[in-house]
Amino acid sequence: GGGSTPAPAPSGGGEGPEKTTITIGALPIPDAAAIHIAKAKGFFAAEGLKVNITQLQSSAIAVPNLLGGSLDVILGNYFAIINIQAKKGGDFRLIADAFQSKPDTFGIVAPKDSKITTAKDLKGATIAIPAVNSIGELAVGSALRTVGLDRLKDVKFVQYAFPDMPGALATGKVDAAFIAEPFLTGVQKNSGAKKVVDPMSGAMADFPMSGWTVTKKWAEANPKTVAAFQRAVLKAQQLAAADRKEIEQILPSYTKISPQDASVIALGAFPTTLSATRIQRVADLMQEYGYLTEKLDVTPLLVPLPQ
Amino acid sequence: MPVAIGAWEVGTRQAESVYFPPPSQIAVRMYEAWLTGPAHRLFLTDAALDTFGPSLGRLFGGWLLACLVGVALGVAVGRSRVLADYIDPVIEFCRAVPPAALIPLFIVLFKTSTQMQVATIVYGVIWPILINTIDGARYVDRGHTDSAQVFGVRGARRLVRVVLPSAAPKIFAGLRLSLSLAVVLMVVSELVASSDGIGYQLMYTQQTFDMSAMWGSIVVLAILGYALNTFFLFAEKHILSWHRRARQTT
Amino acid sequence: MLDVVNLTHTYGTGPTAHQALGGIDLKVAEGELVCVVGPSGCGKSTLLRSIAGLIQPTDGHIRVRDAAVSDKPGDLAVVFQDYSRSLFPWMTVGDNVALPLRRRGMDRRARRRVSAEALEEVGLPNATDKYPWELSGGMQQRVAIARALAYRPALLLMDEPFGSVDAQTREDLEDLVLKVRAHHRMTVLLITHDIDESVYVGDRVVVLTGAPARVAAELPVRLPFPRDQIATRELPAFVHLRAEVGRLVRAKDRRA
Amino acid sequence: MLDVVNLTHTYGTGPTAHQALGGIDLKVAEGELVCVVGPSGCGKSTLLRSIAGLIQPTDGHIRVRDAAVSDKPGDLAVVFQDYSRSLFPWMTVGDNVALPLRRRGMDRRARRRVSAEALEEVGLPNATDKYPWELSGGMQQRVAIARALAYRPALLLMDEPFGSVDAQTREDLEDLVLKVRAHHRMTVLLITHDIDESVYVGDRVVVLTGAPARVAAELPVRLPFPRDQIATRELPAFVHLRAEVGRLVRAKDRRA
Amino acid sequence: MIGQRVARGAIGVAGLLIAAEAAGASGLIDPTLLPRMSTVLVEAVRLPADPDFPPDLLSTLRVWAMGLLIAVLGAVPLGLVLGNIRRAEVASRPLVEFLRPIPSIALIPLVTLLVPSTEVVKIIAVVYASAWPLLINTMYGLKDVDPMAKDTLRSFGFGRFAVLRRVSLPSAAPFVMTGVRLASSVAFVVTVSTELLAGGVSGIGVYMLRAASGMRTDLVLACVLWTGVLGLVANILFVRLQRRAFRWHAVGAVGET
Ligand SMILES: Nc1ncnc2c1ncn2[C@@H]1O[C@H](COP(=O)(O)OP(=O)(O)OP(=O)(O)O)[C@@H](O)[C@H]1O
Ligand SMILES: Nc1ncnc2c1ncn2[C@@H]1O[C@H](COP(=O)(O)OP(=O)(O)OP(=O)(O)O)[C@@H](O)[C@H]1O
Ligand SMILES: [Mg+2]
Ligand SMILES: [Mg+2]
């Protein structure tokens with residue numbers, strides 16, 4: 001074990017993490033870059049942690065894996081985690097921030113020759129989103145509200161996976177799609193689709209997307225492991241935040257994004273702090289849009305980063 | 001059955017997990033969502049009609065299409081060695097391919113979402129019908145084929161009067177398998193590109209973390225499957241009555 | 001009518017191959033009734049199945065009315081030795097008999113009538129609506145006979161058709177075949193184990209020997225028509241002929 | 001040995017019900033060989049299946065060695081009329097014959113030996129490794145006979161066991177049954193359509209009438225043992241008895 | 001004979017591929033949306049060289065084999081019991097028929113909650129889905145057994161169990177084997193679908209997830225080709241086995257028109 005910094009947890013005592021082998025579940029998307037960097041650069045090993053990374057298809061399946069014990073840590077989509085926390089489907093702890101949107105990381109696009117050119121034109125449109133009741137729906141809802149449209153009345157959402165969206169757009173099954181990088185760049189380049197609006201602007205600018213999540217029980221049982229994980233990921237986040245080259249290099253190793261694509265796609269931000277005020281934005285916006293029925297205070301969910 | 005439900009109720013009450021609500025709670029939820037409508041519509045609510053209607057349409061459309069294509073193709077392949085040689089490998093290849101993996105193809109190939117969903121169902125349920133029909137049609141008792149041949153019973157009549165009845169017990173096994181599989185595939189097909197249906201409902205409630213409603217959808221699927229199977233067995237009993245009686249030993 | 005030349009058939013290939021027919025020559029004239037006798041397992045059914053076009057000769061050829069036998073059968077009907085497997089269990093007895101009649105261009109009513117008549121003739125007037133598996137062995141055999149007779153084929157092939165019925169019914173059926181043959185000028189090939197029967201119904205008796213089957217002898221039966229179960233069997237020529245056939249059958253090494 | 005009292009059987013229920021047996025009384029002594037004759041469809045096979053415990057009597061009862069026949073039959077073997085369906089196509093002929101011998105507690109080698117001997121006795125020394133569908137009809141029938149004989153049951157039930165074999169083989173098999181019966185003191189019930197045969201092999205001939213089946217007559221056969229195919233059949237008593245049985249069978253309305 | 005069949009089979013498969021290529025070349029399928037069949041084929045041939053792929057392939061095969069084996073060992077005996085004892089069949093029918101239509105997609109998240117191993121979750125899903133064809137085909141196979149064969153053995157005094165073992169089972173075996181062939185492809189479908197849905201450390205489906213995340217539809221479809229090929233190979237093995245074990249079945253019947 002390599003606990004070079006003193007253990008932050010009040011429980012104290014003993015050397016090294018309680019659990020040295022941890023299984024992390026993440027999606028093959030840029031959000032997860034930090035753990036791959038940390039693993040590749042030996043940050044985990046330096047903390048005495050051995051990590052296995054499981055590829056997941058969606059946050060929906062990540063949570064049962066976490067609760068059931070197949071996974072120790074997951075890349076939690078804040079929207080999903082807060083939703084389930086509020087409905088008492090699980091008691092989670094966020095141990096590190098992972099990803100935050102920046103302009104052009106997401107977009108609502110329409111086919112090349114579509115009449116839809118501005119957010120206003122989306123009235124009556126069928127819009128593809130990766131999952132109902134998700135951050136995507138919230139983001140589109142927010143974009144609609146800025147032009148006076150209502151997501152429940154004025155548009156229809158259907159579910160498509162990102163890779164299927166270009167096909168759905170081209171064959172006219174949907175009028176517009178909420179699409180993320182690298183598909184956003186891809187669909188514009190290959191099919192000439194045009195961006196109608198960037199939903200991650202205005203109220204949703206620099207919006208927290210995902211963070212590293214464990215269960216409360218696990219966090220309490222393994223405080224030193226949590227701290228060790230936090231230190232390792234933090235180092236990786238700092239690298240990622242400082243230099244996009246780091247991400248461009250690591251992306252092709254755990255996704256099939258080619259190095260060329262990696263160098264042109266828009267990337268979000270990799271926060272190096274874990275801020276309750278920032279994440280509270282998610283909960284508040286969810287409440288504003290009716291996804292939560294009452295206010296949820298996120299502060300108790302955070303496990304502060306070791307100093 | 002009552003024992004199973006009792007055990008379920010007790011088990012879930014003991015466990016007190018949000019994910020596994022007790023059946024009584026599920027029943028209440030189902031009742032509120034679907035059975036509080038006007039009497040002239042059998043108490044079905046708008047939500048129930050909007051959910052079940054499209055789903056049943058796709059389910060039956062897909063299943064019937066699969067039955068037609070499966071039996072027709074199965075008999076052709078089962079009776080013709082040459083045809084079998086050519087397309088057996090293609091069939092074996094295709095049926096190991098998950099329908100979910102073909103959705104990108106279906107999206108591009110089919111104009112409307114409904115076509116796409118029906119195609120997914122057909123692709124998913126046709127195999128048991130096809131394989132069992134091929135087997136049944138291929139191994140018709142020699143005594144029967146010989147009789148048909150010497151008496152000049154040929155072509156379509158031979159198919160209808162000799163090959164199909166002889167293969168019927170196997171075809172029915174395939175149909176029965178595919179019927180509940182169609183329910184499963186209906187759900188699969190509604191996960192993509194859909195905004196209504198029981199499968200959509202299932203996924204939606206899962207996403208919104210409305211667990212008793214999600215279980216409600218599962219229960220509806222189970223009841224639907226059970227009802228379809230009961231009708232099916234009823235039809236089978238009549239169509240295969242000769243078989244049952246000829247095969248019984250007393 | 002029927003012309004079998006050097007017919008050879010071998011089942012299987014390689015070391016387990018079994019030659020069942022070893023070059024059979026047989027001519028049957030239009031309207032003739034030929035009986036085939038021979039030891040069990042000598043190849044009689046194989047011969048019959050070849051003529052019916054159900055198996056392909058390994059060598060030699062068969063012509064029916066100067067047309068080579070192919071898998072598109074000519075105007076013939078068969079009563080199989082394994083009669084119970086040749087009836088369709090999913091059809092009633094009446095439908096079983098009526099099924100081939102469509103080829104005769106009969107409408108539904110005509111088919112029903114002809115089928116009912118044929119069943120009546122074989123002594124099963126009440127079986128029309130039963131299923132084959134509801135009948136006794138002998139009754140099933142009679143259904144198979146009724147089906148073949150109702151079809152009125154130019155060539156009728158019968159493989160031990162009266163094996164499962166009692167003596168009285170057997171005699172009635174023998175007479176029925178003679179009557180139908182005379183009426184409709186059918187050509188008949190009848191395989192039997194009953195030597196008396198072969199002489200009683202036949203115009204000619206062909207004796208086969210086994211392993212592989214060959215024609216051992218052909219005996220013309222010069223008994224007057226119409227034949228009568230009591231009178232004909234008392235004729236000295238009958239008694240003589242049946243002893244002759246008996247001797248020929250027994251003379252040969254009968255174990256295949 | 002076998003005691004059948006007022007045996008009644010009705011197939012099916014309701015309007016389509018068919019009464020096959022109408023109160024049959026029959027006693028067979030230990031070691032006796034009883035032949036049953038009767039018109040086609042009269043109920044002979046039904047009687048035999050009831051005794052074998054394969055169908056339940058509607059009324060009356062059957063006792064074998066003073067034990068009621070239940071659905072687990074006693075020490076008996078059956079040669080079915082539909083012999084081809086009673087052989088298992090997935091086993092070789094040898095295995096088919098050997099299978100029941102398991103119940104005799106024989107080991108593998110003993111089973112093979114006994115099975116080979118039995119096949120030899122019915123004239124099929126080379127069929128052991130063939131499959132049933134590779135044999136002719138008559139050969140299959142002989143396999144079924146070999147299986148029943150090899151089992152050496154206390155009670156042997158045979159339903160037209162020699163229907164598909166030639167005259168010579170038939171005589172050999174009749175003598176074989178007589179020999180095995182004498183050797184092992186089996187009790188035998190044999191259904192046949194051949195009146196000569198019933199008199200030749202039987203100690204007693206039971207004549208049934210049909211629809212529903214009833215015992216019409218019982219005739220003791222007082223012919224000396226050992227019987228001989230030529231000598232016995234020439235005895236005046238034989239000739240007389242067979243005429244008698246023939247009259248009885250014909251006398252009854254034979255159409256069921 | 002064998003050579004001819006292989007040649008014909010190859011022609012059949014080639015026909016399918018050519019049709020797919022033609023659909024791409026003629027513009028029926030927009031090549032910017034879906035890659036051409038020729039591209040996919042090249043990628044499929046290259047896949048084994050990708051160091052990520054072989055472990056994924058093996059992992060999928062392992063789940064498939066385990067799942068199928070457990071399903072066969074469980075469902076066939078159960079089918080024998082239910083097909084033989086009418087009362088058991090009637091009593092269990094509601095339960096069976098309520099369970100059958102429940103999609104594994106709905107069950108996987110719930111099972112994941114209870115079972116702390118992704119691999120075991122996958123195997124459970126495979127067993128669950130592939131048990132049904134085995135169960136139903138076994139039951140229907142038993143219904144089709146010739147009663148005369150059963151009677152024969154019963155008349156020799158064999159009990160119910162012996163009749164089941166020595167007559168019903170061999171006679172239903174070809175149909176059960178068809179069930180195994182059905183279950184085998186169902187097991188492939190469910191293994192890969194579960195990997196797609198639930199992810200995991202390795203598996204063809206996991207590889208597809210990764211490929212999809214990089215807009216490599218060509219790789220995704222190459223994986224689809226591989227699952228098809230695996231299914232084809234598994235089926236060839238099963239058919240071989242079937243031909244050997246059940247020669248009597250094929251010979252008693254004709255296949256030609
Ligand atoms: N499918 C087969 N495969 C291999 N050998 C066969 C097959 N069918 C028949 N044989 C063999 O061919 C020979 C002749 O059989 P066939 O059925 O023609 O005899 P048969 O004269 O009709 O005898 P039976 O009077 O007993 O019916 C027999 O030795 C039999 O073993
Ligand atoms: N499964 C059945 N269902 C209905 N009726 C049946 C069934 N089996 C036999 N029967 C009827 O019972 C009667 C007696 O049949 P059984 O088979 O006992 O006759 P049999 O004396 O053996 O005749 P055969 O000499 O022709 O074999 C027949 O009229 C037949 O139609
Ligand atoms: Mg024969
Ligand atoms: Mg009978």
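Worth knowing before you read on, the calculation uses all heavy atoms, side chains too, and leaves out hydrogens, waters and symmetry mates. The sequence lines fix the lettering, A, B, ..., with proteins before strands; numbering per chain opens at 1.
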- More than 12 non-hydrogen atoms from neighbouring residues, nucleotides or ligands closer than 6.0 Å to CZ on D:Arg112, yes or no? no

- Main-chain N/O of C:Gly163 paired with D:His193 side-chain donor or acceptor, under 3.5 Å: no

- Note on the structure: All heavy atoms of D:Ile195 vs all of C:Ala167, minimum pair found to be CD1-CB, 4.2 Å

- Message: Exactly one of D:Cys42, D:Ser45, D:Ser40 should register a side chain to side chain contact (heavy atoms under 4.5 Å, CB included) with C:Ser136. Which one does?
- Response: D:Ser40

- Give the minimum heavy-atom separation between D:Gln81 and C:Gly138, together with the two atoms involved. NE2-N, 4.0 Å

- Separation between OG1 (D:Thr16) and CG (C:Asp129), nearest 0.5 Å, reads 11.0 Å

- Task: Measure the shortest side-chain to side-chain distance between D:His18 and C:Glu134 over non-hydrogen atoms and say whether it is less than 4.5 angstrom.
- Result: no

- If you tally heavy-atom pairs under 4.5 Å between each of C:Ser164, C:Gly137, C:Gly12 and chain D, the highest tally belongs to C:Ser164

- Item | Spacing of CG belonging to C:Asp194 relative to CG belonging to D:Asp194, to within rounding of 0.5 Å | 8.0 Å

- Proximity breakdown for C:Lys44 and chain D, heavy-atom pairs closer than 4.5 Å: neither

